[in-house]
Amino acid sequence: MMKRIICIVALAVFAAGATLYSQQRYVLTPEAPSTPRINGARVYGARPGADFLYKIPATGVRPMLFKAEGLPAGLKLDKYTGIISGRAKKKGTYVVKLMAFNSEGNYERDFKIVIGDRIALTPPMGWNSWNCWGNSVDQEKVMSSAKGMLSRGLDQYGWSYINIDDGWQGTRSGKDKAIAPNRKFPDMKGLGDFLHENGLKFGIYSGPWMGTYAGHIGEGCDNEDGSYWWIDKGLVDDVYKLDRSRAPRDTVRFFGKYSFADVDAKQWAEWGVDYLKYDWYPNDMYYMKQMREALLATGRDIVYSISNTAPVAVGASLMEYAECWRTTGDIRDNWKSISGIGFGGQDIWSGFCRPGNWPDADMLVVGRVGWGPTTHEANLTPDEQYTHISLWALFSSPMLIGCDMAEMDDFTFGLLCNSEVIDINQDELGIHAVRIEGGMDAGYAVYLKPLYDGKLAVGLFNLGDEPRKMGFSPYSLNIMEGQTIHDVWRQKDVAVVGPDDKWETEVAPHGVVLVTLAPGYFNGPRPGFRWKK
């Protein structure tokens, strides 16, 4: 058979007049329809008896009403907000039919609620304060980003966590000597209540050392009464952060005689915390397990995220004790950082990824970032940002936004709110994409990820500085039937190919073409089938 070459040339000019390879931003994600559409994960896990909170993520014009059939006993739906809450006591898998209605139409789909021993059955999606505000974070900035998430409608795509990183801690006080917040966070309980009332979730930060990376107190202490020598000597600023001009930061980065993990976990649960980032290096099983047991003792579902640069040698322990773990040091907003993390450091973690266990490639560096009191536009080209989001989606990595959501432009919104890209990240199989061709030295990479509905997601990445033709035939992917190739970012079919037809497209420098193949692997009998090359 003569092989046909089907060449799909990428669009040269976009609506804003920007060429594909310019530095100007171009939005690929189509606008969501006015009719209802339910987005995000198709499965959600919770432990029996724990507080349950899930907001149905649905786009479409408001007002919108919601309905859920088949909820487990103990859960209820607010039909106006789409928030499912309560406590489910009986273990089991419940297939719930979710429905959304507005003036333009209706939409329904099945949603699996699994009440059992595992949570975070899909990678967490939300926001973290560090890449934006660093240690200058305060309650007002966190509230601003939470309101930005709501006003721009990111919650309608499944974004839900609002996580405070390092910088909230004051001193130990009260009967149990739990960490009290510093003056920048006057009402932690009120902040948590606001987030929960709006269907969002609340995250916080700590670490097992006596001092954290930023110089605030951690879980360890050399004194049973919870006092710290550098605070007693006044070697801190007005928010109890170590003054590095008076004491080197390494002097507080060690484990103390006493651990306050139990009392702090109890305090966080009382505030309504849903996520903990626990940060130290090198990660070890002893302190990992210690905090895990403290969190479980609260009876609250708190996603446990270990940070940072986890060694593969403790991979089995990470899978046993944590829902997420950082596979790398801190990401920065440049090509060297995201390409090094993405193409150089994630493949070794593919065998550790599954529902409830997510290797974390670190927070997203799109939009306005800064790590301090001021922010700037991320130092990444538009194509590099599409590569960044596509890779994290293929890897099933947690997706934590690192920008100021109150200043989010349409380009960044399009990066974060493409429902089909999110579907790849939130796929219920939880498979980490594998590299099937190329690599850093080759100047290109091809990644493949099987999806729950039988489709395949394929990412074509150009790591070079010039445009590159890239492609495949279904047969090269061991598929024996013809396929429809669907451009995920543009959300449209671009080709129909036979099993031995080669499909090609041009990929921008440092860019990506992300597609799905349908129907994917054939799942039926093949009487008399014989493959002829």
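Note that this is a predicted model, so its numbers are computed, not measured.
- Between Thr212 and Asp166, the side chains place a donor N or O and an acceptor N or O closer than 3.5 Å (distance only, hydrogens not considered).
- The residues Arg37 and Glu104 are annotated as not salt-bridged, no charged nitrogen and carboxylate oxygen being separated by less than 4.0 angstrom.
- Ionic pairing of Arg152 and Asp410 is present here: one or more N-O contacts between side-chain nitrogen and carboxylate oxygen are shorter than 4.0 angstrom.
- Panel note: side chain Asn102, backbone Ser34; a donor-acceptor pair is recorded below 3.5 Å.
- Aromatic pair Tyr287/Tyr321: centroids not less than 6.0 angstrom apart.
- Gly430 and Pro355 get closest at one heavy-atom pair: CA-CD, 4.3 Å.
- Sorted by first then second residue, the ring pair (Phe, Tyr, Trp, His ring centres under 6.0 Å) pairs that include residues 73-109, not counting sequence neighbours, number zero.
- Exactly one of Phe202, Phe194, Phe185 qualifies for a side chain to side chain contact (heavy atoms under 4.5 Å, CB included) with Val142. That residue is Phe185.
- Ring geometry for Phe395 against Trp392 counts as tilted: the plane angle lies between 30° and 60°, on a 0 to 90° scale.
- The main-chain N or O of Val365 is found under 3.5 Å from a side-chain atom of His388 such that the two form a donor-acceptor pair.
- The distance from the CG atom of Leu276 to the CZ atom of Arg292 is 11.0 Å, given to the nearest 0.5 Å.
- Glu219 and Ser259 share no donor-acceptor pair across their side chains, judged by distance under 3.5 Å alone.
- Annotation: side chain of Phe260 is not in contact with side chain of Asp262 (no heavy-atom distance under 4.5 Å).
- Ion pairing between Asp138 and Arg183 fails under the 4.0 Å rule for side-chain N and carboxylate O.
- Using modelled atom types and a 3.5 Å distance limit, the side chains of Thr375 and Glu407 yield no donor-acceptor pair.
- Aromatic pair Tyr386/Trp489: ring centres closer than 6.0 Å.
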Problem - CA sep, side-chain torsions, deciding dist, call: Asp427, Lys449, salt bridge (Lys or Arg N to Asp or Glu O under 4.0 Å) - result: CA-CA 10 Å; Asp427 188 78; Lys449 177 176 181 174; 6.0 Å; no

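- The local environment of CG in Asp225 is crowded, with over 12 non-hydrogen atoms from other residues, nucleotides or ligands closer than 6.0 Å.
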Practice task
Test side chain to side chain donor-acceptor pair (under 3.5 Å) on Ser305 and Glu323 and set out the steps.
Solution key: CA-CA 6 Å; Ser305 177; Glu323 279 75 47; over 6 Å; no

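- No side-chain donor-acceptor contact under 3.5 Å links Trp209 to the backbone of Gly220.
- In this structure, Trp127 contributes its side chain and Cys403 its backbone to a donor-acceptor pair below 3.5 Å.
- With Lys97 contributing its side chain and Lys67 its backbone, the two residues share no donor-acceptor pair below 3.5 Å.
- Of all non-hydrogen atoms in Ala378 and Val369, the two that sit nearest each other are CA-CG2, 4.2 Å.
- Of all heavy-atom pairs spanning Leu295 and Trp268, the tightest one is CD2-CE3, 4.5 Å.
- Between the side chains of Asn357 and Arg118, a donor-acceptor pair is found at a separation under 3.5 Å.
- Salt bridge Glu270/Arg300: absent, no basic N to carboxylate O contact under 4.0 Å.
- At distances below 3.5 Å, not a single donor-acceptor pair connects side-chain atoms of Asn223 with backbone N or O atoms of Gly226.
- Between the CG atom of Leu77 and the NZ atom of Lys55 there is a distance of 12.0 Å, given to the nearest 0.5 Å.
- A distance of 10.5 Å separates CZ of Arg172 from OG of Ser227, quoted to the nearest 0.5 Å.
- Side-chain atoms of Thr412 and Asp409 include a donor-acceptor pair closer than 3.5 Å.
- Remark: Arg42 does not engage Glu428 in a salt bridge, criterion side-chain N to carboxylate O under 4.0 Å.
- For the pair Arg47 and Asp117, the salt-bridge criterion is not met [side-chain N within less than 4.0 Å of a carboxylate O].
- Counting non-hydrogen atoms of other residues, nucleotides and ligands closer than 6.0 Å to CZ of Phe255 gives a total above 12.
- Among all heavy-atom pairs drawn from Ser317 and Met285, the shortest one is OG-SD, 3.2 Å.
- Residue His216 comes nearest to Val239 through the heavy atom pair CE1-O, 3.2 Å, listed as atom of the first residue, atom of the second, then distance.
- In this structure, the ring pair (Phe, Tyr, Trp, His ring centres under 6.0 Å) partners of Tyr275, at least two apart in sequence or on a different chain, are Tyr161.
- Cys324 places none of its side-chain heavy atoms less than 4.5 Å from the side chain of Tyr304.
- Counting non-hydrogen atoms of neighbouring residues, nucleotides and ligands closer than 6.0 angstrom, the NZ atom of Lys141 exceeds 12 such neighbours.
- By the 4.5 Å heavy-atom criterion applied to side chains, Lys89 and Pro48 are not counted as neighbours.
- Nearest heavy-atom pair, Trp159 versus Ile422, reported as atom, atom and distance to 0.1 Å: NE1-CD1, 4.0 Å.
- No donor-acceptor distance shorter than 3.5 angstrom exists from the side chain of Asn334 to the backbone of Leu380, with no hydrogens or angles considered.
- Within the 3.5 Å criterion, the main-chain N or O of Trp130 finds no donor-acceptor partner in the side chain of Asp165.
- Annotation: ring pair (Phe, Tyr, Trp, His ring centres under 6.0 Å) contacts of Tyr240 (sequence neighbours excluded): none.
- Atoms CE and CG, on Met399 and Asn128 in that order, are 14.5 Å from each other to the nearest 0.5 Å.
- Partner of Trp371 under the side-chain hydrogen bond (donor to acceptor under 3.5 Å, both in side chains) criterion, out of Asn135, Asp330, Asn131: Asn131 alone.
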Practice task
Evaluate side chain to side chain donor-acceptor pair (under 3.5 Å) for Asp274 paired with His196, printing each intermediate quantity in order.
Solution key: CA-CA 10 Å; Asp274 305 291; His196 294 154; 2.8 Å; yes

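- A donor-acceptor contact shorter than 3.5 Å links the side chain of Ser396 to the backbone of Ile431.
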Practice task
Dump the intermediate steps for side chain to side chain contact (heavy atoms under 4.5 Å, CB included) on Met143 and Leu191, then the final yes or no.
Solution key: CA-CA 8 Å; Met143 285 288 284; Leu191 174 59; 3.3 Å; yes

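- A donor-acceptor pair under 3.5 Å is absent between the side-chain atoms of Ser145 and the main chain of Asp404, judged by distance alone.
- One finds the CD atom of Glu384 at 11.0 Å from the OG atom of Ser337 (value rounded to the nearest 0.5 Å).
- For Trp230 and Tyr228, the distance between ring centers is under 6.0 angstrom.
- For the pair Phe111/Val43, no side-chain contact is recorded, criterion being any heavy-atom separation below 4.5 Å from C-beta on.
- Classification of Lys189 and Asp193 as a salt-bridged pair holds, one side-chain N sitting under 4.0 Å from a carboxylate O.
- The pair Asp360-Arg326 does not meet the salt-bridge criterion, since no charged nitrogen lies less than 4.0 angstrom from a carboxylate oxygen.
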Handout entry: Criterion side chain to side chain donor-acceptor pair (under 3.5 Å) on Tyr213 and Asp279, from CA distance to verdict
Key = CA-CA 8 Å; Tyr213 278 95; Asp279 196 7; 4.6 Å; no

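- If you take CG on Leu364 and CG on Asp333, they are separated by 12.5 Å, rounding to the nearest 0.5 Å.
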